[in-house]
Student: 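Quick one: this structure, given as structure tokens, is what I'll be asking you about.
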Protein chains: 2
Amino acid sequence: MGSKNRITIKEVAQRAGVSIATVSRVLNNPESVTDEKRERVRGVIEQLHFNPDPAARALSNRSFKTIAVMVPNIINPVFSLIVRGIIHSLDKNNFDVLLYDTEEDFGREQQVVSGLVQKMVDGLIAVAGTGKEISFTELSKRIPVVLIDRPDNVSPVDKLSVDDREGMHTLVAHMAERGYTRIALVNGTKGNISANSRARYFQQALEEQGLPCSPEQIVYSGWTLAYGKIGLNELLSRNLNVNGIICATDIIAMGVMHAAAELGISIPGDMGVAGFDNSPLGEYVSPTLTTLQYSSIEIGKESVRAILRRFEEPGASLLKQTYSLPLIARQSTQGPASSGSVSPPGGTQEAQDPWKETDS
Amino acid sequence: MGSKNRITIKEVAQRAGVSIATVSRVLNNPESVTDEKRERVRGVIEQLHFNPDPAARALSNRSFKTIAVMVPNIINPVFSLIVRGIIHSLDKNNFDVLLYDTEEDFGREQQVVSGLVQKMVDGLIAVAGTGKEISFTELSKRIPVVLIDRPDNVSPVDKLSVDDREGMHTLVAHMAERGYTRIALVNGTKGNISANSRARYFQQALEEQGLPCSPEQIVYSGWTLAYGKIGLNELLSRNLNVNGIICATDIIAMGVMHAAAELGISIPGDMGVAGFDNSPLGEYVSPTLTTLQYSSIEIGKESVRAILRRFEEPGASLLKQTYSLPLIARQSTQGPASSGSVSPPGGTQEAQDPWKETDS
DNA sequence: GTGAAAGCGCTAACAT
DNA sequence: ATGTTAGCGCTTTCAC
């Protein structure tokens, strides 16, 4: 493994007729060396294809220029977008990304976090997860940790998260306005903290809208496409005569819509459906999916800012930021068949080419 | 950056009343130490929360236990599935993954590859790309390199790729059988090697089926959803009276289908549409998408096998493996309106929960 | 401005 | 079985 007859700073020094210190200087502090020697050394570096050994460098520097990123499921577009945002802006700062995909497994999650202390990383960005809490307290004593959409009441670390409360209120109000008044929630995994949070605010929103509200209106299933179907079936089996479904994520919503189509349920005519996190495919399914604008890429970038800030001011006060979620009204909530379709209101926002958001 | 008052092997040694060599041994070769001392040392390690410094380790070992993975677009499910496969099986071998998302940019691609020599990685897995060639020859002298779906005639490295020829033949034959005889190809970016390859075999397949075949039947656009629409418009503007469209990827196909729906073109009635690489959402769009089974996760895992093999036998002969692509017939090619719908043939394969393929 | 030399924390060969 | 010691390749004082 690794490599063979390496060229070292020492060889470069000899060939250039200078000391290794000088070579190191032209590498890290070029101004502090005479023009002549600098060029001479650079020449040798070039011709020998010399590359400083990163491990040796790290050993001296105590820095790896690498950030670990942990996601529950790299296949979910929402997370891959966040990862893209992170990689994009980390790259500009010459950091690389060590990616951990925990496959929504709590064991893996714990394993990754506890293993991190002996990995060559300068920081960790942990995105969502299984919903069971992990303490980042210990790890955060060694390296900066930033949490994205990861409910956590114990770790003293920077946190970014969507405002579930506002989001649920927006969605419920929108559906009510469009004439869907018997609304259910198809949620993620039971026990997941995000799922709990969405459930709580869902109920709260129903109450504030004066809509019927019972625990039966919430179905817990899971976070993937296939669980959308399972969730819908469970919901239908409860005979609640629901006419609107809010889903905890767009992916779940797509699963629900697909299953509904198979059952001959017309959307939005028989049933309104809404997602939560603006997956790129939401505009490409039929009917197009009403959802909330979750700016994955931006959040990824913001998390990078947070972590870089902490490198500079390790003692800065703890960040606790929430994102609001503007409504993206599309066809899937256009109104029940009887009420006729309504044209979308203003303020709706859509990405242009969601599969290649390479802005800024 | 990094960390503060680190605990070193030296401290552990002192507290345990042994030499640093012994501590190192209990870390790497526990059997070679007396039970008593071993436990004593372990106790101290535990209580001091000691973690061996990975950089120092790497410097001695010349191994980082890290593999770089370069993809053109982490948001595309096909690539994120490959990445998942790679991470999954690399993890079992205690390797981490350094992820590079080049955002389909050739400059980034070059930059990543040339920068890799001074990164803490033991190998590279490069997945597809912009289609412009990069030589991996130099890099492969230092670390093993494995290419996935990356046409390359110059680098002496291990290669895995789909069989475009077979794939195109399968698709064209299928469409012809279903009654779509005026077939066009909506391809990826002009100049991309994969696109060229698919185009060549598309023509070849048309000829073998005795179907009309002119260069106009091929439209080059791009690899994302939005380009599907662009490609369709371009194709329609050519007035070729096409009734079947093969797309170079499923993502493009979904873009095409979406655009077709907007234009009032009925699929599969007016037009048959097929994709190429079995994106997880293919079953969830409407109509469901006919495609080829591209086993992303498996290919990812296979690439890991290849790279591990090369660690063991650096001199092993060059791998050049191609994957066949079984047909997945779905609704989007069910036959033109006039011919009535045909039930899907046997041998069709579908994943159960494509968003969470955590097998083996 | 430049060189000599002392680490950085660990592994492994060598000696006991 | 265990300790001593010499690196691994680079950065960084500290003199000159």
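Every heavy atom of this structure was used, including side-chain atoms; hydrogens, water molecules and symmetry mates were not. Letters go in sequence order (proteins before strands), and every chain restarts at 1. The structure displayed is predicted, hence computed values, not measured ones.
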Student: Starting from P on D:dT4, measure out to NZ on B:Lys10 and report it in whole angstrom.
Tutor: 12 Å
Student: Find the distance B:Glu31:CD to D:dA1:P and express it as a whole number of Å.
Tutor: 11 Å
Student: Measure CD/A:Glu11 against P/D:dC10 and give the value in whole Å, please.
Tutor: 10 Å
Student: For A:Phe64 and A:Lys119, which heavy atoms make the closest approach, and how far apart are they?
Tutor: CE1-O, 4.3 Å
Student: For the pair A:Asp152 and A:Lys320, find out whether any cationic side-chain nitrogen is under 4.0 Å from an anionic carboxylate oxygen.
Tutor: no
Student: Expressed in angstrom and rounded to an integer, what is the separation of A:Leu59 atom CG from D:dG7 atom P?
Tutor: 17 Å
Student: Counting only non-hydrogen atoms, which of residues 32-43 of chain B are less than 4.0 Å from DNA chain D?
Tutor: B:Ser32, B:Val33, B:Thr34, B:Lys37
Student: Can a side-chain donor-acceptor contact be found between B:Arg6 and B:Asn51 if the only test is distance below 3.5 angstrom?
Tutor: no
Student: Please find the pair of heavy atoms, one from B:Ile125 and one from B:Ser303, that lie closest to each other, and give the distance.
Tutor: CD1-OG, 3.5 Å
Student: Using modelled atom types only, decide if a donor and an acceptor are shared between the side chain of B:Asn93 and the backbone of B:Phe95 within a distance under 3.5 Å.
Tutor: no
Student: Checking side-chain polar atoms at under 3.5 Å, does A:Asp96 have a donor or acceptor matched by the opposite partner on B:Tyr100?
Tutor: yes
Student: CZ of B:Arg62 versus C1' of D:dG9: gap in Å, rounded?
Tutor: 8 Å
Student: Just the table, please: protein N/O against nucleotides 11-14 of chain D N/O, every pair under 3.5 Å.
Tutor:
residue : atom : partner : partner atom : Å
D:dT11  : OP1  : A:Asn28 : OD1          : 3.3
D:dT11  : OP1  : A:Asn28 : ND2          : 3.0
D:dT11  : OP1  : A:Arg57 : NE           : 2.8
D:dT11  : OP1  : A:Arg57 : NH2          : 3.4
D:dT11  : OP2  : A:Ser24 : OG           : 2.9
D:dT11  : OP2  : A:Asn28 : ND2          : 3.3
D:dT11  : O4'  : A:Ser60 : OG           : 3.3

Student: Roughly how many Å is it from CE in B:Met120 to C1' in D:dC10, rounded to a whole number?
Tutor: 13 Å
Student: Expressed in angstrom and rounded to an integer, what is the separation of A:Asp53 atom CG from C:dC8 atom P?
Tutor: 18 Å
Student: For DNA chain C, whose closest nucleotide is more 5', that of A:Ser19 or that of B:Thr8?
Tutor: A:Ser19
Student: Are there over 12 heavy-atom neighbours, none belonging to A:Glu46, within less than 6.0 Å of that residue's CD?
Tutor: no
Student: Answer yes when A:Glu39 and A:Arg42 have at least one side-chain N-carboxylate O distance shorter than 4.0 Å, and no when they do not.
Tutor: yes
Student: Would you mind telling me which of B:Val113, B:Ile148, B:Leu116 makes a side chain to side chain contact (heavy atoms under 4.5 Å, CB included) with B:Met70?
Tutor: B:Val113
Student: Take the protein atom CD of B:Gln118 and the nucleotide atom C1' of D:dG9, then report the distance between them rounded to whole Å.
Tutor: 14 Å
